[in-house]
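Quick notes on the structure that follows.
Order of the sequence lines fixes the chain letters, A, B, ..., with proteins taken first and strands second; residue numbering starts at 1 for each chain. The structure displayed is predicted, hence computed values, not measured ones. The figures here come from the full heavy-atom set of this structure, side chains too, leaving out hydrogens, waters and symmetry mates.
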Protein chains: 4
Amino acid sequence: MPANFGSDNSSGVHPSIIEALARASVGSAPAYGADALTKKVESRLASLFECEVTALLVSTGTAANCIGLATLTSPFSGIYAHAEAHITNDESTAPELYTSGARQFIVGGDDAKPDLEELAQKIDVSGARGVHSVQPAVISISNLTELGARFSPDEIAAYSELAKNHGMKLFMDGARFANAVAGGSESPADLTWRCGVDALSFGATKNGAMAAEALVFFNPDEAILAEFHRKRGGHLWSKYRYLAAQFDAYLEGDLWLELATASNTIMARLRDGISSSKNASILAGGGNELFISMEEDVVEKLLQRGHMFYAWPSLPMAYRLVTSFTTTTAEIDEFIDDLNS
Amino acid sequence: MPANFGSDNSSGVHPSIIEALARASVGSAPAYGADALTKKVESRLASLFECEVTALLVSTGTAANCIGLATLTSPFSGIYAHAEAHITNDESTAPELYTSGARQFIVGGDDAKPDLEELAQKIDVSGARGVHSVQPAVISISNLTELGARFSPDEIAAYSELAKNHGMKLFMDGARFANAVAGGSESPADLTWRCGVDALSFGATKNGAMAAEALVFFNPDEAILAEFHRKRGGHLWSKYRYLAAQFDAYLEGDLWLELATASNTIMARLRDGISSSKNASILAGGGNELFISMEEDVVEKLLQRGHMFYAWPSLPMAYRLVTSFTTTTAEIDEFIDDLNS
Amino acid sequence: MPANFGSDNSSGVHPSIIEALARASVGSAPAYGADALTKKVESRLASLFECEVTALLVSTGTAANCIGLATLTSPFSGIYAHAEAHITNDESTAPELYTSGARQFIVGGDDAKPDLEELAQKIDVSGARGVHSVQPAVISISNLTELGARFSPDEIAAYSELAKNHGMKLFMDGARFANAVAGGSESPADLTWRCGVDALSFGATKNGAMAAEALVFFNPDEAILAEFHRKRGGHLWSKYRYLAAQFDAYLEGDLWLELATASNTIMARLRDGISSSKNASILAGGGNELFISMEEDVVEKLLQRGHMFYAWPSLPMAYRLVTSFTTTTAEIDEFIDDLNS
Amino acid sequence: MPANFGSDNSSGVHPSIIEALARASVGSAPAYGADALTKKVESRLASLFECEVTALLVSTGTAANCIGLATLTSPFSGIYAHAEAHITNDESTAPELYTSGARQFIVGGDDAKPDLEELAQKIDVSGARGVHSVQPAVISISNLTELGARFSPDEIAAYSELAKNHGMKLFMDGARFANAVAGGSESPADLTWRCGVDALSFGATKNGAMAAEALVFFNPDEAILAEFHRKRGGHLWSKYRYLAAQFDAYLEGDLWLELATASNTIMARLRDGISSSKNASILAGGGNELFISMEEDVVEKLLQRGHMFYAWPSLPMAYRLVTSFTTTTAEIDEFIDDLNS
């Protein structure tokens with residue numbers, strides 16, 4: 001069976017989550033999040049993060065990120081992110097739409113981690129002239145980053161300190177937060193509010209859910225406007241319990257962690273295979289993502305044999321391979337065999 | 001069992017739709033609508049409407065309406081709708097967000113049908129002064145209307161003619177389009193493009209789906225920008241096939257029509273019961289909706305017995321009762337008994 | 001000499017204001033309002049209004065109104081105004097642009113004064129459903145109204161009370177505020193903050209200036225965001241002293257009041273002439289504005305003789321006549337003669 | 001007399017322009033640009049640029065730039081400019097406001113000229129993923145650049161070719177266009193449409209006017225939406241002839257070129273003085289701008305003696321010196337003396 005490394009978005013939905021949807025489909029329940037299942041999920045999230053949180057469930061990562069950013073900014077604000085960030089590269093001008101026109105400032109840095117020095121310098125320059133300048137408001141980081149790298153709590157704290165020194169907030173795009181947690185020993189709390197994250201988009205879609213992301217605010221006061229932004233974006237589901245049902249199953253028995261661990265583990269097998277191949281070389285990667293370079297004829301051959309993966313235009317000659325909880329060792333092995341043949 | 005007439009949004013998901021989601025959950029498929037199931041649904045919609053269409057699937061009615069309106073307007077545009085319209089009353093300032101600030105002009109009219117004369121007059125006055133004026137761009141009607149009334153093709157054609165005479169487009173909010181079709185003998189084509197509708201939000205969520213609406217453009221050229229607006233609003237699902245799966249089951253064997261017919265039919269029973277009660281009087285309604293007035297003590301009693309329904313603030317002393325495909329005759333009968341007791 | 005009743009915008013600039021510009025044109029001064037003349041004008045405005053104010057000078061009434069509204073609203077807000085209001089009828093979708101998409105709700109009422117009862121009812125209905133509803137934020141009135149009517153302090157206080165009861169603000173479009181003050185015995189303070197006005201656009205352009213309006217906040221704390229909105233709209237003049245120079249001359253020796261009194265007084269002569277003519281009848285008016293109806297052949301004749309005035313589409317068969325400080329008795333008399341001939 | 005090198009915005013208004021305003025202040029004229037003086041200016045601009053143009057007069061450079069960009073973009077668009085560009089550094093989020101949220105992509109390059117290779121690469125990467133990507137729409141350059149550098153027609157043509165190859169437009173911020181023309185032998189046409197510029201903001205404010213910029217479209221078809229954007233931004237002056245009067249005098253007898261030549265010439269004297277001083281070193285500059293580095297104690301001394309100039313935060317230890325048509329040799333000499341003392 002050829003491998004599908006195209007995206008964690010192309011994988012299916014975990015059976016437990018489908019079953020949860022089926023269970024929730026019977027009978028009536030109050031609309032717009034006033035149901036019991038939603039309350040249960042909110043309570044589960046508070047337990048998971050070991051603190052009081054406000055959590056808004058939405059169906060896409062773009063919505064979670066942009067509603068989060070809109071809540072933490074004004075139309076005069078600047079948002080600082082890495083050039084590879086999803087909010088920069090993959091969400092059209094959705095951040096501008098939701099924030100009523102806040103501006104993104106882009107910085108470089110290895111492994112898609114914003115370079116702290118460049119970040120500090122851009123914040124200083126861009127915000128230096130009062131009303132003429134964009135007002136620095138949010139630093140946004142992704143954990144895992146878009147190149148699969150993982151932030152440690154200390155690294156996160158350095159961004160948080162920079163943010164606080166400038167009266168800014170720290171936002172975390174956690175589309176692959178589960179893979180980040182699975183990749184180390186720290187708790188969700190250790191990787192968020194304990195090191196200064198103000199809000200997190202906690203992804204489920206790429207990790208076994210159908211369409212569900214939780215936008216989590218660690219300071220509930222800051223979340224007041226988020227509900228308005230969500231409604232205004234058309235992201236408040238009337239049958240909200242079907243977002244809640246996905247998260248209920250996702251959190252039950254730490255399914256989220258189990259699935260992310262599976263993705264990360266099988267990626268390790270893929271990475272091993274590639275690192276010992278003479279037909280590809282590893283450029284970057286971590287968690288469930290790997291970025292490799294290959295010659296065109298190798299790429300051609302792999303595609304012809306039915307393997308799926310995409311070019312990554314921001315790195316030279318690069319291709320991205322992504323595993324998910326559904327990736328099989330058979331896929332890995334067939335891919336490596338074809339690569340080496 | 002007390003009745004839940006609160007909203008068609010509080011009802012569950014039809015088993016066929018859950019089964020379709022479960023079937024689609026197995027295996028990989030291309031993301032973002034490049035999958036086979038999506039193609040199948042697009043083909044089904046073309047058959048249903050008997051013409052070539054461009055259809056965008058999204059998860060909420062607000063998204064479908066607002067992406068549709070944004071596609072047909074500029075930031076200088078005026079949108080003309082009835083004061084009861086969902087885009088006016090229930091979607092926060094989502095229309096302004098998606099259209100980059102087009103303005104809504106509100107008209108009156110019986111049964112939530114925009115009064116044609118007032119409409120024509122408002123279009124003339126509001127657009128009379130060139131660059132100083134808002135440019136009339138879209139007439140938006142809902143079928144069923146928010147008060148449950150149904151438009152005939154002739155009525156729709158009158159709006160279309162007015163629109164065309166002013167270089168405007170005709171948009172139809174079809175959150176309850178299935179109930180409108182079920183309420184008469186005309187086909188979906190008869191009620192849309194054949195009488196001049198340019199774009200339709202074709203609802204499924206209120207009628208048995210989980211979260212799925214199809215934004216249908218009858219002139220595919222006009223739809224080009226819609227995909228950008230959808231992405232920009234964060235409404236392009238990565239695992240798009242789960243929107244498609246809902247619509248696949250919804251359209252299969254005319255399930256959509258069967259469910260809407262069921263809702264309408266059981267509403268007829270409720271209407272009969274209320275019309276012969278001395279404790280309530282009917283103000284408006286049609287399809288699966290009924291608007292009644294009751295004294296406060298009657299309302300109090302019904303709520304205490306566990307029946308669910310909401311006040312409708314734009315009508316005096318009014319309450320809205322909504323049925324769905326899950327409403328049972330037992331609920332109806334218990335409600336009527338309690339009303340009369 | 002035929003009369004020019006087309007607009008107070010077609011009149012020239014008062015010599016004192018031109019002289020002030022000439023005086024300010026010599027030598028260097030700090031840019032962006034950090035100059036001495038600006039400080040002097042701010043002090044003059046504080047004296048005029050008998051309280052501490054924050055005043056932003058801009059070059060158009062649309063800018064003053066929309067920056068004011070943007071400062072008092074959020075993107076989820078509703079603004080309530082009369083159907084004849086300038087922000088509704090004459091400013092394209094500028095209010096939506098500046099407010100990031102707040103919505104205007106339009107009410108009726110005689111003389112372009114918003115009907116209090118309808119206003120209260122629309123506020124209640126439109127804001128009734130939490131996050132689904134637009135949040136009532138601002139009542140906007142014009143003094144003079146667009147039909148020339150004048151509000152008394154008691155009338156204004158009634159709007160203010162309604163606003164405060166709903167946590168809203170009261171904004172006053174004062175494009176013809178000078179004519180309103182000139183039309184009665186109350187002070188500028190009496191007609192604004194003393195009866196609850198939160199912010200005022202105080203016009204000079206229509207009353208002898210070149211291009212100058214002061215956006216005045218009576219609660220300076222509320223004005224903090226206004227400077228950002230002004231800059232963001234491109235309305236912060238680099239050579240700000242030329243806005244200040246206009247206002248300096250406008251306020252010196254109460255020139256503003258003298259000019260408005262002249263406009264109002266000469267309008268009285270025109271009104272007398274028309275009221276005794278059988279070829280026109282008065283529909284509305286006050287201050288320096290008059291709205292009359294005439295038969296088409298009368299209109300034709302007057303235009304052919306070179307008189308200038310415009311149709312007013314929102315009133316049936318109506319034409320608007322406006323005087324300014326430059327209107328002469330000769331113009332009035334020639335117009336009346338031609339009307340009666 | 002100490003020197004004022006703070007900004008060309010701090011200089012006065014040329015007497016000819018004040019006289020033109022005074023002349024225009026007498027008598028009535030149609031509002032909103034329907035007057036004869038406006039027609040005359042439009043005709044002057046067509047002559048100056050040797051082609052048919054559509055020109056919109058506004059009072060600030062931010063307005064001219066942002067209305068221009070809004071006309072050439074959609075809300076999904078990307079605008080590519082140098083990190084030093086005025087639209088990037090000095091206009092808050094005005095570009096985002098006017099474009100309904102188009103995004104700015106920032107590139108580096110010497111002398112504030114966008115590096116062509118980096119530009120091409122950013123356009124390719126940022127626009128590579130269809131609906132997920134921002135759509136490349138406009139390259140924006142400034143001539144003079146913000147560091148005083150001048151583009152030759154060949155250099156401009158290279159940007160134009162890159163733009164055309166990607167279906168993009170080329171916009172020129174000409175706040176100091178007069179200084180660019182004065183700095184070489186090419187005509188205004190040579191520096192704009194003949195080398196592919198689609199629209200230009202042609203500045204007058206920094207070069208002797210009070211508040212006047214012309215937004216010039218070389219393809220009038222593209223300008224249709226510009227008038228709506230201008231009105232919507234509150235930048236359509238009612239007494240438009242006072243913008244026209246400024247431009248009439250500015251263009252009469254090539255006053256614009258005479259003033260820019262004066263600014264450039266006196267800057268040459270300043271540059272000479274500084275280049276032979278041991279207390280300052282030149283970092284960049286051209287036209288009427290010079291960027292120098294000085295030790296803090298030198299800066300301190302100059303400021304204490306009353307000279308005015310500002311730090312330039314985006315260059316290390318840099319200060320900007322700007323001359324205008326009012327700068328005197330006495331100012332230059334006193335500054336140099338104090339610098340060397």
Quiz prompt | Rounded distance (nearest 0.5 Å) linking atom CE of A/Met210 with atom CE of B/Met210 | solution = 3.0 Å
Quiz item: If you tally heavy-atom pairs under 4.5 Å against chain B, which of A/Phe228, A/Tyr98, A/Tyr240 wins?
Solution: A/Tyr98
Quiz prompt | Leading residue by heavy atom contact count with chain B [cutoff under 4.5 Å; candidates A/Ala31, A/Ala63, A/Ala64, A/Ser59] | solution = A/Ser59
Practice problem: Verify, without hydrogens or angle tests, whether A/His235 (side chain) and B/Thr60 (backbone) share a donor-acceptor contact under 3.5 angstrom. | Solution: no
Practice problem: Name the member of B/Gly61, B/Ala22, B/Pro30 that forms the most heavy-atom pairs with chain A at distances under 4.5 Å. | Solution: B/Ala22
Quiz item: Is a side-chain N or O of A/Arg241 found less than 3.5 angstrom from the main chain of B/Ser10, in a donor-acceptor match?
Solution: yes
Practice problem: Decide yes or no for A/Asn9 and B/Tyr32: does some side-chain heavy atom of the first lie under 4.5 Å from some side-chain heavy atom of the second? | Solution: yes
Practice problem: With a 4.5 angstrom heavy-atom cut-off, could you sort out which part of A/Ile67 is near chain B: side chain, backbone, both or neither? | Solution: neither
Exercise. Against chain A, work out which of B/Ser28, B/Pro15, B/Gly6 has the most heavy-atom pairs shorter than 4.5 Å and name it.
Key: B/Ser28
Quiz prompt | Heavy-atom proximity to chain A below 4.5 Å, by part of B/Asn65 | solution = neither
Quiz item: What part of A/Ala209 is in contact with chain B, defined as an atom under 4.5 angstrom from a non-hydrogen atom: side chain, backbone, both or neither?
Solution: backbone
Quiz item: Which bit of A/Ser7 is near chain B, if near means a heavy-atom gap under 4.5 Å: side chain, backbone, both or neither?
Solution: neither
Quiz item: Taking all non-hydrogen atoms of both residues, which atom of A/Tyr242 and which atom of B/Gly12 are closest, and how far apart?
Solution: OH-CA, 3.4 Å
Quiz item: So which of A/Val26, A/Asp35, A/Thr93 has the biggest tally of heavy-atom pairs under 4.5 Å with chain B?
Solution: A/Thr93
Quiz item: Can you check whether B/Leu97 reaches A/Leu97 side chain to side chain, under 4.5 Å on heavy atoms?
Solution: yes
Exercise. Answer whether the closest heavy-atom distance between the side chains of A/Ser11 and B/Lys239 falls below 4.5 Å.
Key: yes
Quiz item: Rounded to the nearest 0.5 Å, how far does NZ of B/Lys231 lie from CG of A/Asp90?
Solution: 6.5 Å
Quiz prompt | Top contributor to chain B interface from A/Ala34, A/Pro95, A/Ala29, A/Ala211 [non-hydrogen pairs under 4.5 Å] | solution = A/Ala29
Practice problem: Count the heavy-atom pairs under 4.5 Å between each of A/Ser92, A/Gly27, A/Gly233, A/Ser100 and chain B, then report the option with the highest count. | Solution: A/Gly233
Quiz item: If every non-hydrogen atom of A/Gly234 is compared with every non-hydrogen atom of B/Thr62, which pair is closest and at what distance?
Solution: CA-CG2, 3.6 Å
